[in-house]
Structure formats: C-alpha cells, structure tokens
Amino acid sequence: MGTITPLILFVLQSNTFSGLFDGQNVITLQRTPSTNEYLKNELTKSTPLREGTVIMAVDQYAGRGQKGAVWVSEPGKNLTFSLLLTPTFLHPRHQFLLTVAISVAIAKCLETLLPEPVKIKWPNDLFVGDRKIGGILIENILKGNVWKSAIVGIGINVNQTAFPTDIARHTSSIYHLLHQETDLLTLLHDLGRHIEQAYNELKQSAHENLLAYYRQHLYRLNERHPFLVEGIRVHGTVTGVTENGRLQVTFDGHMADFDIKEIAFVI
Ligand code: BTN
C-alpha cells in the first residue's frame, strides 16, 4: 500500500481531558488509515509523546477491529480515536484490568446520554440491546516484564444513520437512539473525563469497583443463550468474568471459563 501522509488539521493544546491529561495534545487528522497505526508509528519516532495524547480521525478509511476485523466508519459522523496511556504501574499479567477500566468508562459515559442500558459484551464491545454501538482495540507495547505503553483505540457510532448490510442488523448509533445529532468534540470531552476517572481508580488499585461494574453490566449476564464453542453450537449462561479476563459460562450446572479464541456469542 502506498503511504499517504495524513493532513494534520489542527493541534489543540486543549483541556479536553483535565487533571491527569491537562494540556495534552489532541491531534485531529483529516484522513488516515487507522488512528492506532498512526499512533504506533509516532511512537517509533525520537520525540516522546505525552501520556494522554489523542489521535482522532475525521475519515478513518481502514480502521481495524478485534480479531483482524475491520472497523467501518462514515467520514465525519463518528468518533474514531486512539489514546496513548503508559500503565507502567500495572504488571503486563494484569492487562485485562485496563480493558475493564476503559470499557467501564465508556459504558458509564454512554449511560449518561442514552435512554437504554449500555452493556459490555465481553471482552470490550459496547452494546445497547443486541446492537453494537462502540468497540475498543487496545494494543500493548511491552518491554520484558514492563508495560511501556498502551494504544487505546476507540470507535463510537455517533451520528451515522446507515450501516453496511452485513453489520446493519447488529449495529446502532447514538443517533439511532436519540434521534438527534450529538456534538463529537463534546462527547470526546465527556469520554475523556470518564476514562481519566477510571484510569485513576486503576492507578490507586481500586480495580475491584471497576471489575464489579464490569461484571454487573455484562451483555447477556444470567441469561441462557447460544454460543459457539470450538465451532459447536451450545446453550449456556454468562455468569461472570475472572480477574484475568476469562468469560465464565455455565452449561447445565457446570461452569467453564474461556478466552477470546475459545468461545463466540451467537447473536
Ligand atoms: C472492535 O470492536 O473490533 C474494535 C474496534 C476499534 C475501532 C477503533 S476506531 C479508532 C482505532 N483505530 C483503529 O483502527 N481501530 C480503533
């Protein structure tokens, strides 16, 4: 693929995130393949980036999702951004706790806006009903046993009204639920506040509260539904998640736990 230098529209010395992220940069790119890729590439350069740097795209045309999926977003309609964090205070074996903190922060933020409950589809999708409204792709940079940085990619469907047919049935947006447009920068600001709060809780080892919220807001918690386990369709009930991020599911009274490659929801 040829290299396209993204146009940096403006660099805001902004207070988008107060406190911890005070005075950080929010860099808005008019067009880039993926904000995660952009941020990753910036990290290879000699100028160090501050924790809390946000790369946001107006038109992210080759967005990446979990498990090699693509993330499709209509230009100018949604939030597609990547946030740089340096969770050096956490051992890499506790990576799941960052997933928890970010998922909880986004769920709490969206809850303040939306008329319906926001659920966390394990491990880190944001759902309203049976429809996805947002996704998270965290990419970690480790050095031995030290967690150097995390690129936290976040996509939220905000003002988009139509989605590609293959995902339309299970996709929603804030517009679908509110029937009115939401200002993207205001939402980015609100998300920043919630992320900052959750991240501070994580720093202060208050992850039990975050985990409790995560567990209580799991999509399909305590409901019997079909799953695919090793390609076989089985009915089970989500009962929780372990501290290292394995999904706990009960099948006919017998509990098992799974990692992301081992089980899939049937929606
Ligand atoms: C998923 O649900 O599969 C994760 C979606 C993550 C999408 C965001 S949009 C901003 C950032 N840049 C990317 O290429 N992906 C993430």
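Computed from a prediction, not measured in an experiment: that's the story for all the values here. All ligand and atom numbering here is 1-based and tracks the order in the structure. These values consider heavy atoms only, across backbone and side chains, with no hydrogens, waters or symmetry-generated copies.
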Check: Checking side chain to side chain donor-acceptor pair (under 3.5 Å) against Gln60, which of Thr35, Asn36, Asn78, Thr80 comes through?
Finding: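 Exactly one option meets the side chain to side chain donor-acceptor pair (under 3.5 Å) with Gln60, and it is Thr35.
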For ligand 1, list all ligand N or O to protein N or O distances below 3.5 Å, rounded to 0.1 Å.
| residue | atom | partner | partner atom | Å |
| --- | --- | --- | --- | --- |
| ligand 1 | 2 (O) | Asp125 | OD1 | 3.4 |
| ligand 1 | 2 (O) | Lys132 | NZ | 2.5 |
| ligand 1 | 3 (O) | Gln66 | N | 2.6 |
| ligand 1 | 12 (N) | Thr35 | OG1 | 3.1 |
| ligand 1 | 12 (N) | Gln60 | OE1 | 2.9 |
| ligand 1 | 14 (O) | Ser34 | OG | 2.7 |
| ligand 1 | 14 (O) | Arg64 | N | 2.7 |
| ligand 1 | 15 (N) | Arg64 | O | 2.7 |

Notebook entry, point to check: Yes or no on ring pair (Phe, Tyr, Trp, His ring centres under 6.0 Å) for Phe96 and Tyr214, after CA distance, side-chain angles and deciding distance?
Noted result: CA-CA 11 Å; Phe96 179 64; Tyr214 182 98; 5.5 Å; yes
Notebook entry, point to check: Are Phe258 and Phe227 close enough that their ring centers fall under 6.0 Å?
Noted result: no
Checklist line | Check: His179 ring centroid to Tyr175 ring centroid under 6.0 Å | finding: no
Item checked: Heavy atoms of other groups near Asp252 CG, more than 12 under 6.0 Å -> no
Notebook entry, point to check: Parallel, tilted or perpendicular: which describes the rings of His94 and His91, with under 30° parallel and over 60° perpendicular?
Noted result: perpendicular
